[in-house]
Amino acid sequence: GAVVSQHPSWVICKSGTSVKIECRSLDFQATTMFWYRQFPKQSLMLMATSNEGSKATYEQGVEKDKFLINHASLTLSTLTVTSAHPEDSSFYICSARRINTGELFFGEGSRLTVL
Amino acid sequence: RKEVEQDPGPFNVPEGATVAFNCTYSNSASQSFFWYRQDCRKEPKLLMSVYSSGNEDGRFTAQLNRASQYISLLIRDSKLSDSATYLCVVNGNTNAGKSTFGDGTTLTVKP
């Protein structure tokens with residue numbers, strides 16, 4: 001089946017630093033990737049839609065200057081959490097939508113802890 | 001009203017039971033539909049696509065009712081390992097725009 005690789009799986013950083021998370025579709029092309037965050041026992045919350053070659057579309061309430069998204073190719077999107085603070089600690093998950101089928105395939109998620 | 005709505009449950013059923021989940025969507029032009037399963041602290045995994053003609057995969061049956069704008073998932077002969085959160089996903093456009101999730105329905109299968 002289709003594989004999406006997300007890296008890193010775990011990251012612990014100090015407050016004020018920036019963290020980059022990568023999302024790669026390994027065996028298919030995805031013009032659209034999505035970034036979510038999920039708090040314990042809560043549902044997935046869509047942060048932004050990442051479109052290859054164009055600017056990301058952010059959901060209401062998500063700061064675009066804080067969560068920088070780049071989708072430079074059909075297989076790679078990155079999320080950078082800038083100047084991270086403890087309240088940014090969460091589980092960040094990406095998904096890639098396969099062209100023509102619409103199926104979403106998820107990365108394994110990145111657990112961010114900001115000290 | 002949310003674009004995609006699911007009964008959050010929880011559904012607590014004994015092993016062997018049959019359980020059904022529904023998911024309603026508001027955009028009548030939606031093009032593709034899916035069910036995902038998410039285990040605790042893991043990413044969602046595709047369970048099955050949902051087609052207008054209905055489709056079955058072992059103990060799982062998915063149906064789409066475009067007139068009433070809902071999709072359903074039926075699980076027969078529940079196993080302990082079916083315990084998870086089930087998410088429905090609706091694409092307004094298969095190749096563009098947003099994929100919208102329901103909040104998920106939690107299923108617990110008990111011995």
Side-chain angles (χ1 to χ4, degrees), chain A residues 1-7 9-10 21 23 25 28-54 56-60 62 71 74 90-112, chain B residues 2-11 21 23 25 27 29-52 55 57 62 64 66 71 83-108:
Chain A
V3 177
V4 173
S5 171
Q6 189 173 338
H7 176 81
S9 302
W10 295 84
I21 303 169
C23 181
S25 56
F28 66 99
Q29 292 184 330
T31 53
T32 308
M33 292 186 175
F34 302 92
W35 287 96
Y36 312 83
R37 63 190 295 182
Q38 188 173 34
F39 294 105
K41 298 189 178 181
Q42 293 189 22
S43 53
L44 285 171
M45 187 194 83
L46 178 66
M47 298 175 67
T49 302
S50 171
N51 300 298
E52 187 266 337
S54 64
T57 304
Y58 289 81
E59 294 300 298
Q60 193 172 10
V62 178
H71 192 159
L74 288 173
S90 187
F91 189 47
Y92 292 86
I93 311 177
C94 72
S95 70
R97 184 163 62 199
R98 183 152 67 182
I99 296 171
N100 294 328
T101 67
E103 296 162 330
L104 291 178
F105 295 93
F106 287 80
E108 293 183 334
S110 300
R111 203 162 296 280
L112 170 64
Chain B
K2 289 184 179 179
E3 292 180 56
V4 176
E5 293 202 61
Q6 288 184 251
D7 182 344
F11 284 62
F21 308 133
C23 173
Y25 60 94
N27 181 357
S30 297
Q31 294 189 353
S32 51
F33 310 86
F34 307 91
W35 282 103
Y36 284 77
R37 167 196 173 125
Q38 186 176 23
D39 293 290
C40 188
R41 297 174 70 83
K42 297 280 191 180
E43 78 279 15
K45 291 189 188 295
L46 179 65
L47 183 63
M48 57 199 306
S49 304
V50 188
Y51 304 117
S52 298
N55 47 306
D57 182 4
L64 166 63
R66 284 192 181 272
I71 63 173
S83 298
T85 296
Y86 292 83
L87 303 160
C88 66
V89 176
V90 176
N91 287 336
N93 181 313
T94 295
N95 286 327
K98 209 161 52 172
S99 295
T100 305
F101 280 74
D103 287 340
T105 299
T106 300
L107 171 66
T108 302

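Order of the sequence lines sets the chain letters (A, B, ...), proteins ahead of strands, with each chain counted from 1.
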Quick note, salt bridge (Lys or Arg N to Asp or Glu O under 4.0 Å) partners involving residues 30-39 of chain B, not counting sequence neighbours, are R37(B)-D39(B)
What pairs meet the salt bridge (Lys or Arg N to Asp or Glu O under 4.0 Å) rule with one or both residues in residues 40-52 of chain B, with sequence neighbours excluded?
E43(B)-K45(B)
Pair count under 4.5 Å, heavy atoms only, with chain A: among P44(B), P8(B), S49(B), C40(B), highest is P44(B)
If one checks every heavy atom of F33(B) against chain A at 4.5 Å, the contacting part turns out to be neither
Hey, which residues of residues 100-108 of chain B are touching chain A, say heavy atoms under 4.5 Å apart?
F101(B), D103(B)
Does atom CD of E3(B) have more than 12 heavy-atom neighbours, drawn from other residues, nucleotides or ligands, at distances under 6.0 Å?
no
Closest non-hydrogen atoms of S32(B) and G102(A), given as atom of the first, atom of the second and distance, are OG-CA, 4.4 Å
For residues 104-111 of chain A, tabulate all N or O donor-acceptor pairs below 3.5 Å that involve a side-chain atom, not counting sequence neighbours.
| from | atom 1 | to | atom 2 | distance (Å) |
| --- | --- | --- | --- | --- |
| S110(A) | OG | Q6(A) | NE2 | 3.0 |
| S110(A) | OG | P8(A) | O | 2.5 |

Side chain proximity check, R97(A) to V89(B), heavy atoms < 4.5 angstrom:
no
